[in-house]
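In what follows, a structure is listed as structure tokens, so that the remarks can point back to it.
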Amino acid sequence: MYGVGYLNLEIANLKFDILRISYRKEAAKTDQEFLFIDSCQKIEIEQFQNIANAFFQAYSFIFGILCGGYSYIVSSDSPEYKKIDNILFENKPKEEKHKNYLERV
């Protein structure tokens, strides 16, 4: 692991924890990044999915990285995930860097 980032974010009066982990596979000389979004309060899974999708679109616009690969949304009534209620899986296009992002001035 070579990078970890944590951000507390508020969207539409809802609070979320964002965790980014960057990982380097030394043998293959490849880097992987994982982004986790955790709702700090109970919300409907469809609302969470919409907010997560909007977050990743904004992330792409700001940093120039189209987040791709796999997406999992897991819901549970307990913060400890003792019982999982739903798991939504989505196969997304491959991650891709692009030049349509905000430039720092």
Side-chain angles (χ1 to χ4, degrees):
M1 191 177 338
Y2 69 86
V4 175
Y6 171 79
L7 175 68
N8 188 274
L9 187 64
E10 186 171 328
I11 302 171
N13 295 321
L14 299 169
K15 295 184 184 208
F16 300 90
D17 290 332
I18 313 293
L19 178 66
R20 178 192 51 83
I21 297 175
S22 300
Y23 177 77
R24 182 178 240 324
K25 288 185 176 181
E26 286 299 330
K29 301 285 185 208
T30 59
D31 296 337
Q32 289 185 314
E33 280 200 4
F34 301 93
L35 284 169
F36 299 89
I37 303 175
D38 186 21
S39 174
C40 297
Q41 65 282 303
K42 186 175 180 175
I43 63 174
E44 294 295 322
I45 196 164
E46 293 83 10
Q47 183 181 19
F48 179 82
Q49 188 174 25
N50 290 337
I51 289 171
N53 287 339
F55 171 84
F56 285 116
Q57 287 175 352
Y59 187 92
S60 175
F61 182 67
I62 293 169
F63 296 108
I65 301 170
L66 177 63
C67 298
Y70 304 106
S71 168
Y72 298 91
I73 296 178
V74 180
S75 69
S76 174
D77 278 341
S78 71
E80 300 85 19
Y81 287 90
K82 291 182 180 177
K83 179 184 170 230
I84 294 176
D85 300 321
N86 289 298
I87 298 177
L88 299 176
F89 170 78
E90 186 176 356
N91 191 1
K92 297 187 175 233
K94 187 177 178 183
E95 181 175 297
E96 173 183 322
K97 292 185 179 180
H98 59 80
K99 297 188 184 295
N100 299 321
Y101 61 93
L102 294 175
E103 291 193 38
R104 294 187 177 128
V105 186

Next item on the list: Of all the heavy-atom pairs spanning Lys15 and Glu10, show the shortest one and how long it is.
Entry: CE-OE1, 3.7 Å
Note to self: For a 4.5 angstrom cut-off between non-hydrogen side-chain atoms, does Asp17 reach Phe36?
What the structure shows: no
Note to self: What's the separation between atom CG in Asp38 and atom CG in Asn8, rounded to the nearest 0.5 Å?
What the structure shows: 10.5 Å
Next item on the list: Salt-bridge test for Lys82 and Asp77: reply yes if a basic N is under 4.0 Å from a carboxylate O, no otherwise.
Entry: no
Notebook entry, point to check: Does the side-chain contact (heavy atoms from CB on, under 4.5 Å) test come out yes or no for Leu19 and Phe34, once each step is laid out?
Noted result: CA-CA 8 Å; Leu19 178 66; Phe34 301 93; over 6 Å; no
Item checked: Check: Leu14 and Ser39 side chains under 4.5 Å, non-hydrogen atoms -> no
Next item on the list: Could you grab the distance from atom CD1 of Ile37 to atom CD1 of Ile51, nearest 0.5 Å is fine?
Entry: 9.5 Å
Notebook entry, point to check: Would you find more than 12 non-hydrogen atoms of other residues, nucleotides or ligands less than 6.0 Å from Glu44 atom CD?
Noted result: no
Note to self: Within the 4.5 Å heavy-atom criterion, are Lys83 and Asp85 side-chain neighbours or not?
What the structure shows: yes
Margin query: With a 4.5 Å cut-off on side-chain heavy atoms, are Ile73 and Ile45 touching?
Written below: yes
Notebook entry, point to check: Would you call the rings of Phe56 and Tyr59 parallel, tilted or perpendicular, where under 30° means parallel and over 60° means perpendicular?
Noted result: perpendicular
Next item on the list: Answer whether the closest heavy-atom distance between the side chains of Phe16 and Ile11 falls below 4.5 Å.
Entry: yes
Margin query: Can you confirm whether Lys42 sits close enough to Phe48 that some side-chain heavy atom of one is under 4.5 Å from a side-chain heavy atom of the other?
Written below: no
Item checked: Cluster check Leu7, Ile62: I/L/V/M/F/W/Y, side chain < 4.5 angstrom -> yes
